[in-house]
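Okay, structure first, notes after.
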Number of protein chains: 2
Amino acid sequence: MVAGTRAERQARTREALVSVARELFLRDGFAATSLDRVAVEAGFSKGAVYSNFSGKEELGLAVLDDLHSEQVTAAAAAMEGKHTLDETLDALAWWAREHLGQPKWTALEVEFASIARHNRFVAEQIAARHRVVREAIEALVHKGVAELDVDPALPAEKIATIVLSLSIGLGAQRSLDAGIDLDVFAATLRQLLIPRPE
Amino acid sequence: MVAGTRAERQARTREALVSVARELFLRDGFAATSLDRVAVEAGFSKGAVYSNFSGKEELGLAVLDDLHSEQVTAAAAAMEGKHTLDETLDALAWWAREHLGQPKWTALEVEFASIARHNRFVAEQIAARHRVVREAIEALVHKGVAELDVDPALPAEKIATIVLSLSIGLGAQRSLDAGIDLDVFAATLRQLLIPRPE
DNA sequence: GTCTATAAATCGATAGAC
DNA sequence: GTCTATCGATTTATAGAC
């Protein structure tokens, strides 16, 4: 008997399903991954999926939550302990190469979004998650601006939108073309964080 | 009897199929649109699709070609006859609102890309088309730099990558959230085209 | 080249047993 | 809560008639 209450066991089932779904969704795509595959590969049957999620879409949202928190955490960690703009930009360039260079997550992001386009509820759920991510980026920008004493050319909110857009766009291209120049990510940030001449 | 040789009539069939496919792919998405629907709505049957295309993917590529040439043409036209940086940026801001504000095309772009990720041939086809678009943007940047006498902060090639990435990323978000700030497109370009201080 | 008919396969979702 | 069995609905792609 594995330890834990019923609630704990169910939580483990849910986590296992999300973990496997994440792996398969990233590797093969959302549409191309069947719930049966997810369930079996996690050591359960399809019924277990429907006992823990209302359907495929809710499982997809759970996977997105998993990914989002990881991306933001990684970017924040990359900026930690940097004391100059150059150091910070180098760290962010590394983040871009590391996370956008293996960009299955942006492909999943947009695939899921496009599939959910006709479901108002899911579309709103995803849009809300994007807002959360942009706010997290905005906080990072504020933090960087304060610590590095730079004078950004645009409000942090706009920079956050630009950063997320670049991440999605670069990742989408990179998923098809390994030759994409990911260094434009940090290069753009440099232009936005250094005040323009007057 | 409608005029034309056999070749001309078939060309019209092909055009009609691409035109309807474009409309439906944009409206409902690539995966959610069946070939049967495309054929019937164009006044043909599914057999006509397979007589003119090897399958759904090739039809998708034909639609992308249609869209790409239109987007680049529109952006070039928007820049035409502008003599100052501000005028040009205003025109590009308008382009962004017009084309990214109705962003089904980026959603289609990335949906198709993510679906085709596991087909090497199609993936390479799409990547090649992206390269063509980036080169077209690069040419526009060169033209703008020469005519407006600005000193870009980055090579035109990098700016082209940034512009396409922003377009894809902004469009993807906008397809889910009408509140996305599209003006960051022109704002970013302004920061890239004005030389940084030093 | 186009149409009709059909094959062949897939998958999300549900019902009922345990 | 999980499993087994199955339904029901789709869709791509093909075969053969015209």
Side-chain angles (χ1 to χ4, degrees), chain A residues 1-21 24-25 27-63 111-112 114-119 121-122, chain B residues 1-21 24-25 27-63 111-112 114-119 121-122:
Chain A
M1 164 81 97
V2 184
T5 64
R6 273 185 300 275
E8 286 167 347
R9 268 187 287 119
Q10 187 172 1
R12 270 199 297 275
T13 299
R14 195 187 150 97
E15 281 168 26
L17 288 171
V18 170
S19 171
V20 170
L24 295 180
F25 286 171
R27 198 187 65 194
D28 301 329
F30 180 75
T33 301
S34 71
L35 290 182
D36 189 71
R37 183 98 195 267
V38 172
V40 169
E41 208 134 321
F44 298 92
S45 74
K46 217 172 9 172
V49 175
Y50 284 95
S51 297
N52 286 276
F53 302 91
S54 68
K56 196 179 187 183
E57 287 165 344
E58 195 184 304
L59 179 59
L61 288 173
V63 169
E111 182 197 358
F112 191 42
S114 68
I115 285 174
R117 236 170 45 188
H118 285 80
N119 181 329
F121 174 74
V122 179
Chain B
M1 167 80 98
V2 184
T5 65
R6 275 185 299 275
E8 284 167 349
R9 268 186 287 121
Q10 187 170 0
R12 269 200 297 277
T13 299
R14 196 187 151 98
E15 281 168 27
L17 289 171
V18 170
S19 172
V20 170
L24 294 180
F25 287 172
R27 196 186 67 195
D28 302 330
F30 180 76
T33 301
S34 70
L35 290 183
D36 190 69
R37 184 95 195 270
V38 172
V40 169
E41 208 132 323
F44 298 91
S45 76
K46 219 172 8 174
V49 175
Y50 284 96
S51 296
N52 285 277
F53 302 91
S54 69
K56 196 179 186 182
E57 286 163 345
E58 196 186 304
L59 179 58
L61 288 174
V63 169
E111 183 198 358
F112 190 42
S114 68
I115 286 174
R117 236 171 45 192
H118 285 81
N119 181 328
F121 174 73
V122 179

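Lettering follows sequence order; numbering is per chain, from 1. What you see below is based on every heavy atom in this structure, not just the backbone, and it leaves out hydrogens, waters and symmetry mates.
Considering all non-hydrogen atoms of both residues, A/Val63 and A/Val18 come closest at CG2-O, 3.9 Å. Minimum interatomic distance between B/Val38 and B/Val20 (heavy atoms only, all atoms of both residues): O-CG1, 3.6 Å.
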Just the atom pairs and distances: protein N or O near nucleotides 10-14 of chain C's N or O, under 3.5 Å.
residue	atom	partner	partner atom	Å
C/dG12	OP1	A/Lys56	NZ	2.7
C/dG12	OP2	A/Leu35	N	3.0
C/dG12	N7	A/Lys46	NZ	3.3
C/dA13	OP2	A/Tyr50	OH	2.8
C/dA13	OP2	A/Lys56	N	3.4
C/dA13	O5'	A/Tyr50	OH	3.4
C/dA13	N6	A/Lys46	NZ	2.5

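Judged as a ring pair (Phe, Tyr, Trp, His ring centres under 6.0 Å), and not counting sequence neighbours, the contacts of B/Phe30 are B/Phe25, B/Phe112. For A/Asp36, there are no side-chain hydrogen bond (donor to acceptor under 3.5 Å, both in side chains) partners two or more places apart in sequence or in a different chain. Residues passing the side chain to side chain contact (heavy atoms under 4.5 Å, CB included) test with A/Gln10, sequence neighbours excluded: A/Asn52. Partners of A/Glu15 by side chain to side chain contact (heavy atoms under 4.5 Å, CB included), not counting sequence neighbours: none found. Under the side-chain hydrogen bond (donor to acceptor under 3.5 Å, both in side chains) criterion, B/Glu41 pairs with B/Arg37, sequence neighbours left out. Residues that satisfy the side chain to side chain contact (heavy atoms under 4.5 Å, CB included) test with A/Phe44, not counting sequence neighbours, are A/Thr13, A/Ala16, A/Leu17, A/Ala42, A/Ala48. For A/Ala39, the side chain to side chain contact (heavy atoms under 4.5 Å, CB included) partners two or more places apart in sequence, or in a different chain, are A/Val49.
When the local axes at the two ends of the helix from C/dG1-D/dC18 to C/dC18-D/dG1 are compared, using 5 base pairs at each end, they differ in direction by 0° after rounding to 10°.
The shortest distance between side-chain heavy atoms of A/Phe53 and A/Arg14 falls below 4.5 Å.
Taking 4.0 Å as the cutoff to heavy atoms of chain A, we find the contact window on DNA chain D bounded by D/dG1 to D/dT4.
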